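Fair warning: this is a prediction, and the values are worked out from it, not measured in the lab.
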Amino acid sequence: MGPSADLYPSSCMMVPCTLLLIVALLCESVAALSFDLQAKTTKCFTEELPAGYHVLGDFKALAGYSQFVDAKVTDSAGNVVQEYASADKGNFNFHTTTSGDITFCFANRVVAGIPVTPAMKRTIEFNLRTGLYAGDEAAEEYQSDVARQQHLQPIEMNLRIMEDSLRMIHQEYHYFKKRESEMRETNTATKLRMKIVFFASLVFMLVFYLWELRHLVSYFVSRKMINR
């Protein structure tokens, strides 16, 4: 008896699913931090991202006497994306609209009139996930919406997700390639300015040396200490 006819479709579907998993892992970045935030201090973290990235994050502040934690997310232009005031926990969920640095800042405020001691701190647990589909819910929602609108089969939906993921990798590659080119141009311009400053300083020192030599010769001649 030959192999079942259902075996081939299942095997074929395993290939795009495996590729989808690999691509999804390449497209996503996960970070988990735990740190102590002293009273009346602020700590910031920066993540450089291209436009169109999905950013998911959450934070939790452990107990601290008379201390309040503020959290703020700003984009590369300094615009506030999300903000929490006096919060023990919160969630971040947004898409980047411009390329550049996304900054996450946490501040520990103290109730007015309470003396600050070195022991006063809040422990912050911060989780961040970025990528085209930064969360399982986002991926499921995307699949459901697209599949319903375009009447796609599951394997077609997987291929669509792979296509979008590869497009995001391509976009990220060009973004960082552009950033590398800009940094190279800045480095070249800096080296050129350093060379200009060096040669200008050298010329200035040479001119100053000749002027000083002439001044000394004139001084000794006027004192008749040497003959010209």
Side-chain angles (χ1 to χ4, degrees), residues 22-59 69-84 90 92-109 121-122 124-134 163-216:
I22 295 174
V23 172
L25 290 174
L26 289 174
C27 289
E28 293 183 2
S29 174
V30 180
L33 299 173
S34 179
F35 58 93
D36 291 334
L37 188 61
Q38 297 296 134
K40 288 190 174 182
T41 61
T42 300
K43 185 170 290 189
C44 296
F45 304 92
T46 300
E47 183 80 8
E48 185 176 5
L49 297 172
Y53 253 45
H54 188 194
V55 180
L56 283 176
D58 63 83
F59 72 92
V69 173
D70 300 333
K72 181 187 295 185
V73 184
T74 56
D75 60 17
S76 56
N79 301 316
V80 177
V81 180
Q82 281 189 257
E83 187 174 16
Y84 287 93
F92 305 117
N93 189 351
F94 60 92
H95 286 80
T96 57
T97 56
T98 58
S99 301
D101 291 337
I102 303 297
T103 304
F104 302 83
C105 288
F106 300 91
N108 188 3
R109 293 186 293 109
K121 63 183 180 181
R122 299 288 297 271
I124 310 295
E125 297 176 354
F126 177 43
N127 300 300
L128 182 65
R129 191 171 183 179
T130 63
L132 182 60
Y133 309 111
E163 180 184 1
D164 291 343
S165 300
L166 290 172
R167 186 182 299 112
M168 180 61 67
I169 293 176
H170 186 260
Q171 178 184 349
E172 184 176 0
Y173 167 76
H174 280 284
Y175 169 73
F176 285 108
K177 185 178 180 180
K178 180 182 177 182
R179 289 282 294 149
E180 180 187 6
S181 177
E182 292 175 351
M183 292 177 67
R184 191 184 302 112
E185 291 176 359
T186 301
N187 188 34
T188 302
T190 302
K191 287 183 178 179
L192 179 60
R193 286 195 291 268
M194 290 180 64
K195 288 181 180 179
I196 293 175
V197 171
F198 172 76
F199 285 111
S201 301
L202 188 62
V203 171
F204 173 79
M205 293 176 64
L206 181 61
V207 171
F208 179 78
Y209 168 76
L210 294 175
W211 176 83
E212 185 70 16
L213 181 62
R214 182 179 178 183
H215 174 72
L216 290 175

With a 6.0 Å cut-off (strictly less than), is the heavy-atom count around CZ of Phe35, excluding the residue itself, greater than 12?
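More than 12 heavy atoms, drawn from other residues, nucleotides or ligands, come within 6.0 Å of this atom.
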
Check [X] against [Y] and note the closest heavy-atom contact, atom names and distance.
X      : Y      : result
Ser76  : Thr98  : OG-OG1, 3.6 Å
Asp70  : Arg109 : OD2-NE, 2.5 Å
Cys105 : Thr103 : SG-CG2, 3.6 Å
Thr42  : Cys44  : CG2-SG, 4.1 Å
Thr97  : Ala51  : O-CB, 3.8 Å
Ile102 : Asp75  : CD1-CA, 3.9 Å

Hey, are the side chains of [X] and [Y] touching, using non-hydrogen atoms and a 4.5 Å cut-off?
X      : Y      : result
Arg122 : Ile124 : yes
Phe94  : Val73  : yes
Phe45  : Lys43  : yes
Thr190 : Met194 : yes
Ser181 : Glu185 : yes
His54  : Asn93  : yes

Just verifying a value: how many Å separate [X] [atom1] and [Y] [atom2], rounded to the nearest 0.5 Å?
X      : Y      : atom1 : atom2 : result
Leu206 : Ser201 : CG    : OG    : 12.5 Å
Met183 : Phe176 : CE    : CZ    : 11.0 Å
Phe104 : Gln82  : CZ    : CD    : 9.0 Å
Lys191 : Thr186 : NZ    : OG1   : 12.5 Å

Measure from the side-chain N and O atoms of Thr96 to the backbone N and O of Tyr53, and report whether any donor-acceptor pair falls under 3.5 Å.
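Flag set: sc Thr96 to bb Tyr53 pair under 3.5 Å.
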
Using the ring of each side chain (for Trp, its six-membered ring), is Phe59 parallel, tilted or perpendicular to Tyr84, with breaks at 30° and 60°?
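Geometry flag for Tyr84 against Phe59: perpendicular rings.
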
Parallel, tilted or perpendicular, judged at 30° and 60°: which one describes the rings of Phe92 and Phe126?
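The rings of Phe92 and Phe126 stand perpendicular, inter-plane angle above 60°.
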
